[in-house]
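Reading through the structure tokens given below for one structure.
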Amino acid sequence: MIRSEQERQRIASMEALRERGLDPYPAAAFDITHRTASLKASFGEGQKVRMAGRLMNRRIMGKASFGELKDAEGVFQLYFNRDELCPGEDKGLYNDVFKKLLDRGDFIGIEGETFMTQVGEPSVKVTALTVLSKAIRPLPSVKVDEDGTVHDAFNDPELRYRMRYVDLVVNPHVKATFEARSKIIKTIRDTFDAEGWMEVDTPVLQSIPGGAAARPFTTHHNALDIPLYLRIANELYLKRLIVGGFDGVYEFSRNFRNEGMDRTHNPEFTVMELYVAYKDYHWMMETTENLFGHIAQAVHGSTEVPLGSHVINFAPPYARVTMRDAILEHAGVDIDGLDEAGLRAACESLGIDTDDSMGRGKLIDELFGEKCEHHYIQPTFIMDYPTDMSPLTKAHRDKPGYTERFELMINGTEVANAYSELNDPLDQRARFEAQLQLSQRGDDEAMFIDHDFLRALEYGMPPTSGIGVGIDRLVMMMTNQTSIQEVLFFPQMRPEAFERSAGHADFSALGVPQAWEQHLVAAGFSTPADLMGAKPTQVHQRLNGYRKKNKLDIPALSLEEVTAWSQNAESPAS
RNA sequence: GACCUGGUAGCUCAGCCGGUUAGAGCAUCUCACUUUUAAUGAGAGGGUCCUGGGUUCGAGUCCCAGCCGGGUCACCA
């Protein structure tokens, strides 16, 4: 493969370390006594410490040097003094290993003693140095000046997402976002566990992709010879567990939907679903607002969270607005008195495109999405959705045509979706059949019928309230990010095209000398076919040009040799 | 899927109306330097200008196609 100049230098340094008897990748554990940030927090002079991390940002000044040790917590300044690091006659560890053979980004282990420099920077005077892992590629050289301005930031989104490991090393704010994500999930888990609800695992591979309406990813099980789908939701499985007798179950469910990708959608995403028996959606609203208040406190130490140009106040209680009132207020339409034709006319008059596959529920959803959704910046529960857009939700206790469902809107986006769960098995069967009709009408996202789920309901499910919280979107809101890619370690990307190098035998079969094989790919001939596709004179010139440019210490090729390769290809040696 | 926009050194970016050997800062290498912190001073090396065609005496620059991103919109219970 093609190595940059800096990479070649680092590989040479690695080999030089070996020649000195220093293993650049030692196997032994390196036990530490301190980490950077906590040492800084409890700093006192004269402490003996053993630490490990990446060597960053070296400043060499002759017989003394400064550098930074970067570990999982942060950075801490190291002071290397030639005569303290090498008290004897041999100054090689400082002059050669530290100054010449180590590079920015290498992992080292050090022993030393804490002290304060003249300018007041807590530091460790290093008395022993161990190479722990040599880095072959140079990290981007991000620097921050006195004013906090970042110079040469590593900020190309493509490179950052494709090489998140580099992003995390050089961009502390990126690391902080993912630490917040972890804290959010832990807060939810701790809160639910304290209530006695049980974390469960349900199938990711499902033969019926139920619980939501979306296009699934399809795969195939060879032994059973059946199609299987990656789950689009886990809802129906958690309800089966409520039937089975658990009072409260929850799961952080990685869901997969084979749809578009953008700032708020990734093909795989995480939803936390919770189901609690003997509760209704009013109870769930209180539970949700209390939970979100706790999460904001855990992440920010406050219920006020900055988000773009707004400050979101997560302190309960949140406003509760019915779907009907929301549309009445922002679109001036009273959905109560309108049938499907009336709604379609109302949508058209407001400039909302409709088509014949849209039923009453879908039309109301369009009205809300177009005219209302973006108004709800502060956390707001939108309640009581029409029956035909909520096939898994219990009918409203006193409003015919509506269900006991709410969505939590924050910053104009849906963050959670919850119901008083439908537990009437005959009603559920009728709702599924209505979905089937929608699907026949052309709505390709209407739900499949899950007969085993219906059977479970027929055995009896207690009244239950359930919620799904979009964890990725919640993390975006809690960390002031506008893109889902910023809260996923490895967002989906089109696969990167790496140059495929041919196997060793492929080129040698043509009679290419061993010394040349490793250079063919670098010179632009990835495969034997590439080599044969070019004229021998062209190959000859390109390879010898490459040899000269890279000062290769191997004999130049003659045109006869190169011509012979093509002949070998045409009539392979027996 | 449509439109807009970008791809030049390890990183961040300049590069004019198409014209000599493609530049800068940081990073790297060499030398100097024992409390610096965007260390400093002197010098050097480093390029498939995303790929492939085309126009031209001449293309990083113009045109076409493609690849890979980003943005806006559409789609998305």
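Residue numbers start from 1 in every chain, and the chains themselves are labelled A, B, ... in the order their sequence lines are given, proteins ahead of strands. As a basis for the values below, the full set of heavy atoms in this structure was taken, side chains included, without hydrogen atoms, waters or symmetry mates. These figures come from a predicted structure and were not determined experimentally.
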Inset, instruction - Taking only heavy atoms on the protein side, list every residue of residues 113-121 of chain A lying under 4.0 Å from any atom of RNA chain B, sorted numerically. - result: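 The stretch gives Phe115(A), Thr117(A), Gln118(A), Val119(A), Glu121(A) as the residues lying under 4.0 Å from the strand, ordered by number.
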Legend entry - First of Leu102(A) and Met261(A) reached from the 5' end of RNA chain B, by closest nucleotide: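 Result of the comparison: Leu102(A).
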Inset, instruction - Could you check Glu370(A) against Glu414(A) and say which one's nearest nucleotide on RNA chain B is further toward the 5' end? - result: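 The residue mapped nearer the 5' terminus is Glu370(A).
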So, OP1 or OP2 of [N]: does either fall under 4.0 Å of a side-chain N or O from [X]?
X	N	result
Arg257(A)	rC76(B)	no
Arg137(A)	rG10(B)	no
Lys99(A)	rU34(B)	no
Arg10(A)	rU28(B)	no

Legend entry - Side-chain H-bond candidate by donor/acceptor type, Glu421(A) with Thr464(A), under 3.5 Å: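 No pair is found: no donor N or O on one side chain lies under 3.5 Å from an acceptor on the other.
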Legend entry - Asn266(A) and Gln492(A): side chain donor to acceptor below 3.5 Å: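 No - no donor-acceptor pair under 3.5 Å links their side chains.
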At 4.0 Å (heavy atoms only), tell me whether [X] reaches a base, stays on the sugar-phosphate, or touches nothing.
X	value
Gln77(A)	base
Gln6(A)	base
Asp262(A)	base
Arg263(A)	sugar-phosphate
Arg162(A)	sugar-phosphate
Asn81(A)	base
Glu373(A)	nothing

Between atom [atom1] in [X] and atom [atom2] in [N], what is the gap in whole Å?
X	N	atom1	atom2	value
Met163(A)	rG10(B)	CE	P	11 Å
Arg160(A)	rU12(B)	CZ	P	11 Å
Ile11(A)	rG10(B)	CD1	P	14 Å

Legend entry - Torsion-based syn/anti label for rC67(B), 90° from 0 as limit: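 Anti conformation for rC67(B).
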Inset, instruction - Would you give a per-nucleotide map of nucleotides 38-44 of chain B, 5' to 3', where B means the base has a protein non-hydrogen atom under 4.0 Å away, S means only the sugar-phosphate does, and - means neither? - result: BB-----
